[in-house]
Amino acid sequence: MAHAPRPPPGVGAQPVARSLGRVLQTGDGGRGPKRRRRIGRPGRSVGRPWGQRAGWSACAGCRRPSPSARTPRRISVTDRPSIPYRFDPDATAAGLQEKYDGLEAGVETGDEVTIAGRLMLRRGQGKLVFGQLADSSGRIQLFAPADVTPRFEDFGKLSLGDWIGVRGEVMATRKGELSVKVLEWTLLAETRRPFPDKWHGMTDPDTRYRQRYVDLWVTEEARRGFQLRSKLVSLTRRWLEDRGFVEVETPVFHPIPGGALARPFTTHHNALDQELYLRVAPELYLKRLIVGGFERVFEIARVFRNEGLSPRHNPEFTMLELYQAYADWTDIMRLVEELVAHLATELLGTTSITYQGRDLDLSVPWRRATLADLIEEQIGRPVGLDTPLDELRALCDEHDVPWKDSYGPGKLLLELYEKTAEGEQWDPVFVTEYPIEVSPLARPHRELSGMTERFEGIVAGRELCNAFSELLDPDDQRARFEDQAKDKAAGDDEAMAVDEDYLRALDYGLPPTGGLGIGIDRLVMLLADAASIRDVVLFPTLRPEQDQVSVAAAEGGDGTEADTDRVV
RNA sequence: GCGCCUCUAGCUCAACGGCAGAGCAAUGGACUCUUAAUCCACAGGUUGGGGGUUCGAAUCCCCCGGGGCGCACCA
């Protein structure tokens, strides 16, 4: 009710106020609950779910237009106390659907339950109202006959989207629809804004991302995706803990950004008067922990990269990184394929999945192929680190791969691979043997000079993980850092800096270690069949809405110079 | 950052140089078994913002803003 958009101030409020007053009047007229539920802590009587409310009738003359919403208030400030402080549902929609599955049409069970949720559909039938209540588990029909449901008139006037609590009897209608016959009900929250079309829902991506709270109620797939994400993370933790991995938390603020080739966000700590970077990877801290004696560690780390947005990139995203002492890259390959197959089996019941309409086989073992082999598959010519620079450059030109004079053969190979081969992969493949030149933290290959024991897992044409036998040698690491620093000095924003403390840690001795980083968002995309990373990130990074920017500007400025360094 | 597309009622969409419309939601009413209920009535708009062309602009052009996709960068 009262959802006419943009009403003139003060108009349209009267009838609404009156009916609303009734909605809030919870007098039970002799039809009180059989068992009064006690809520609040023992000894205190803070609001009773079905009890009388004081003050509701005072609202008729005090209505005024809502300051923010386009729709007028239906509950005045003085009415607010009639919303109970607690509510105790003892059943869920899905739980009832499961428990009473197959209940015969017309049966009244005599079982009373208390449920709560949003009213998502409503169908009036004169002296009978049908509703559909949605909670986090699912939906169930409400059955409200005039001679049974208290404040029947008001029940029929509830807005789609209102939260209500209901006590009622489990029954099946004559048509066989499982329902709860409403014996008591109370308003738990009104919606002052109309919900989107009950059939078409919400399709505008911008609105879905900005107002995820609405999207989650109206878009089934959205809920499913995020539930899957939650389960995936939980299963991953359990799986790793079962294998002796210890979960840790390392700093988000890094004095020296490291662990990945990426542009960091910068910020400033006032008390330390210190520039800090938001981490682009937790890698160097986790390897310090191996030095410190944690033999198997992992972190599910939110990381931040100051780079473009795309359907596959969000500036903040979640990486699982893990490090296992005494393991090498082959151990990590097995770990990755087993973990992913385990997650697919647990979440989807199979390793034969469909992604974006195309079959995808995640079953173990995954294919192994060298980076050079995959390039050759695409361009029909063998290449390697010993291919003359001129030839590699010519090949790049031939395949529209841009290159710079500073690129050595390793970088040229990587560029060729990424532009010609990576996107062509579909079923999982471990791409092995990355050049040292492009792998500043990976240990040199035990047999091939110029190469590292590094691999990436590619699934559905995109990188899912990056892993290697870790570089142990402090002198080699220092040399690699210095090469990176040279690039950085030459203007490469993504190059690493020399991290003296990390080198000191290596001086104390890092044992042979296998390490891994998996993009959790992309893994969820794969298993949730999501086309965009924004479908698996609850609140993806967006340009702020205009009026929010002005609010932020007005509230900012506490006089410190840090204001100019705010990370946006 | 560049290119293409897009923005119309709360939501989903029409109208594509000639009176801005429909369905759902809302509002008033009818209905005791509905399933996106149905039926009657009623209301709802600075067509993202600004400028221009035109007798006339939601429609064509320019600028600005939001978003989507692609490229670039990356995971």
Side-chain angles (χ1 to χ4, degrees), chain A residues 1-7 11-12 15-16 19 69-72 74 105-106 120-132 139 141-149 152 156-157 159-161 171-179 181 191-211 214 218 260-263 280-281 303-320 400 402 418-419 422 456-458 462-466 492-494 517-523 525 531-534 540 542-546 549:
Chain A
M1 59 185 75
H3 277 156
R6 300 184 189 179
V11 173
V16 171
S19 65
R70 290 174 170 180
T71 54
R74 298 183 304 123
M120 299 306 277
L121 289 175
R122 194 196 53 230
R123 294 181 283 273
Q125 275 290 317
K127 297 274 179 276
L128 180 61
V129 168
F130 296 91
Q132 197 173 59
R139 295 187 178 197
Q141 178 163 278
L142 299 177
F143 179 84
D147 53 359
V148 168
T149 299
F152 175 77
K157 287 177 179 170
S159 288
L160 299 188
M171 55 163 288
T173 61
R174 278 180 219 157
K175 293 283 173 62
E177 176 86 14
L178 183 69
S179 306
K181 191 200 284 177
T191 174
R192 284 158 37 167
R193 297 174 188 254
F195 262 59
D197 189 290
K198 63 189 176 188
W199 184 245
H200 298 99
M202 200 178 234
T203 60
D204 177 34
D206 185 39
T207 316
R208 290 190 51 211
Y209 301 147
R210 286 191 200 280
Q211 302 185 40
V214 180
V218 275
L261 302 172
R263 223 153 97 191
V280 295
V303 299
F304 309 86
R305 299 189 182 176
N306 205 340
E307 282 149 5
L309 291 78
S310 88
R312 290 162 294 282
H313 302 90
N314 198 59
E316 53 178 308
F317 63 102
T318 304
M319 276 212 324
L320 165 68
D400 296 321
E418 286 182 348
K419 300 295 186 301
E422 186 174 282
E456 289 192 357
I458 307 298
R462 61 178 80 121
E463 180 184 341
L464 179 70
C465 71
N466 182 19
D492 183 349
D493 291 333
E494 289 156 11
I518 293 188
I520 291 293
D521 312 85
R522 290 192 174 175
L523 185 54
M525 284 172 69
S532 169
I533 195 170
R534 298 184 198 98
L542 297 171
R543 197 169 256 113
E545 286 176 274
Q546 210 53 50
V549 172

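Worth saying up front: this structure is predicted, and the values here are computed from it rather than measured. These numbers come from the heavy atoms of this one structure, side chains and all, not from hydrogens, waters or symmetry mates. Every chain is numbered from 1 and lettered A, B, ... according to where its sequence line falls, protein lines coming before strand lines.
Applying the salt bridge (Lys or Arg N to Asp or Glu O under 4.0 Å) test to A:E456 and every residue at least two apart in sequence or in another chain returns A:R454. Applying the salt bridge (Lys or Arg N to Asp or Glu O under 4.0 Å) rule to A:D492 yields no partners; only residues at least two apart in sequence or on another chain are considered. Applying the salt bridge (Lys or Arg N to Asp or Glu O under 4.0 Å) criterion to A:D206, with sequence neighbours excluded, gives A:R210. Taking A:F143 as the reference, A:F130 meet the ring-ring contact (aromatic ring centres under 6.0 Å, His included) condition, with sequence neighbours excluded. For A:L261, the side chain to side chain contact (heavy atoms under 4.5 Å, CB included) partners two or more places apart in sequence, or in a different chain, are A:P440, A:Q484, A:M496. Residues passing the salt bridge (Lys or Arg N to Asp or Glu O under 4.0 Å) test with A:K419, sequence neighbours excluded: A:E415. Remark: A:A105 pairs with no residue by the side chain to side chain contact (heavy atoms under 4.5 Å, CB included) rule, at least two apart or across chains.
The CD-C1' distance, from A:Q211 to B:rG67, rounds to 14 Å in whole Å. Rounded to whole Å, atom C1' of B:rA26 lies 10 Å from atom CZ of A:R122. When rounded to the nearest whole Å, the span between NE2 of A:H200 and P of B:rG10 equals 17 Å. Separating the CG atom of A:D147 from the P atom of B:rC33 is a distance of 13 Å, rounded to the nearest angstrom. B:rU35 atom P lies 14 Å from atom CZ of A:F143, rounded to whole Å. Nucleotide B:rC73 holds its C1' atom 8 Å from the CZ atom of A:R263, rounded to whole Å. In this entry the distance linking CD of A:E307 with C1' of B:rA72 reads 11 Å, nearest Å. One interatomic measurement links the two molecules: CE of A:M202 to C1' of B:rA25, which rounds to 13 Å at whole-angstrom precision.
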Practice problem: Return one dot-bracket line describing RNA chain B 5' to 3' (Watson-Crick or G-U wobble pairs, both distances under 3.5 Å; ( ) same strand, [ ] crossing, | another strand, . none). | Solution: (((((((..((((....[..))))..((((.......))))......(((((..]....))))))))))))....
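When every heavy atom of A:E463 is checked against every heavy atom of A:N466, the shortest pair comes out as OE2-CB, 3.4 Å. Scanning both residues, A:V218 and A:M202, for their nearest heavy atoms gives CG2-CB, 4.2 Å. A:K157 and A:R122 make their closest contact through C-NH1, 4.2 Å (heavy atoms, listed as atom of the first residue, atom of the second, distance). Residues A:L128 and A:F152 share a closest heavy-atom pair of N-CZ, 3.6 Å. What you find for A:L160 and A:T191 is that their closest heavy atoms are O-CG2, 3.4 Å.
Taking atom P on both B:rG70 and B:rU35, the two are 42 Å apart, rounded to the nearest angstrom. Nucleotides B:rC60 and B:rC16 place their C1' atoms 10 Å apart, quoted to the nearest Å. Distance check on atom P: B:rC11 versus B:rU47 gives 16 Å, rounded to whole Å. Across the C1' atoms, B:rC61 and B:rU54 are found 12 Å apart, a figure rounded to whole Å. Nucleotides B:rA43 and B:rA22 place their C1' atoms 15 Å apart, quoted to the nearest Å. On the P atoms, B:rU6 is 14 Å away from B:rC13, given to the nearest whole Å. A distance of about 42 Å separates the C1' atoms of B:rA15 and B:rC73, rounded to the whole Å. For the P atoms, the distance linking B:rC69 with B:rG10 amounts to 26 Å, nearest Å.
Minimum atom distance to the side chain of A:R174 is reached by B:rC33, of the listed B:rG67, B:rA75, B:rC33. Closest approach to the A:P194 side chain among B:rU32, B:rU35, B:rA25 is made by B:rA25 (side chain taken as heavy atoms from C-beta onward). Checking B:rC33, B:rG66, B:rA25 against every side-chain atom of A:F130, the shortest atom distance belongs to B:rC33. Considering only side-chain atoms of A:F317, the nucleotide from B:rA36, B:rA75, B:rG66 that sits closest is B:rA75. With distances taken from any side-chain atom of A:K419 to the nucleotides B:rU35, B:rA72, B:rA75, the minimum falls on B:rA72. With B:rU12, B:rC33, B:rG68 as the choices, the nucleotide that has an atom nearest any side-chain atom of A:T203 turns out to be B:rU12. Counting only heavy atoms from C-beta on, A:Q125 has its side chain closest to B:rC31 among B:rA75, B:rC31, B:rU12.
A:R210 comes within 4.0 angstrom of sugar-phosphate atoms only, judged by non-hydrogen atoms across all strands, and of no base. Note on A:N306: nothing from the nucleic acid sits closer than 4.0 angstrom, heavy atoms only. Within 4.0 Å (heavy atoms only), A:G124 reaches at least one base atom of the nucleic acid. A:L121 comes within contact range of the sugar-phosphate backbone alone, with a heavy-atom separation under 4.0 Å but no base atom that close. Heavy atoms of A:T173 sit under 4.0 angstrom from at least one base atom. Nucleic acid contact for A:E177: base, since at least one base atom lies under 4.0 Å from a heavy atom of the residue. Using a 4.0 Å heavy-atom criterion, one finds that A:D204 contacts the sugar-phosphate atoms exclusively.
Distances shown here put every side-chain N or O of A:K198 at or beyond 4.0 Å from the OP1 or OP2 atom of B:rA36. In this structure, A:R123 does not reach the B:rC24 phosphate: none of its side-chain N or O atoms is under 4.0 Å from OP1 or OP2. Contact annotation: A:R193 does not reach the phosphate of B:rA26 (side-chain N/O to OP1 or OP2, under 4.0 Å). Applying the 4.0 Å criterion to OP1 and OP2 of B:rG66, one finds that A:R543 has a side-chain N or O inside that range.
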Between the protein and nucleotides 69-71 of chain B, are there any N/O to N/O pairs under 3.5 Å, and if so, what are the atom names and distances?
unit_1: B:rC69; atom_1: OP2; unit_2: A:R534; atom_2: NH1; d: 3.0

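Evaluation of atom-type donor-acceptor distances gives a pair under 3.5 Å for the side chain of A:D197 against the base of B:rG23. Counting atom types as modelled, A:E456 pairs no side-chain N or O with a base atom of B:rA75 as donor and acceptor under 3.5 Å.
Judged purely by atom type and a 3.5 angstrom limit, A:S179 has no side-chain atom pairing as donor or acceptor with the backbone of A:K181.
Remark: ring of A:F195 does not overlap the six-membered base ring of B:rG10 in a stacked fashion, as centroids less than 5.5 Å apart with planes less than 30° apart are not both met.
Annotation: of the two residues near RNA chain B, A:I533 and A:L542, the 5′-most nearest-nucleotide partner is A:L542.
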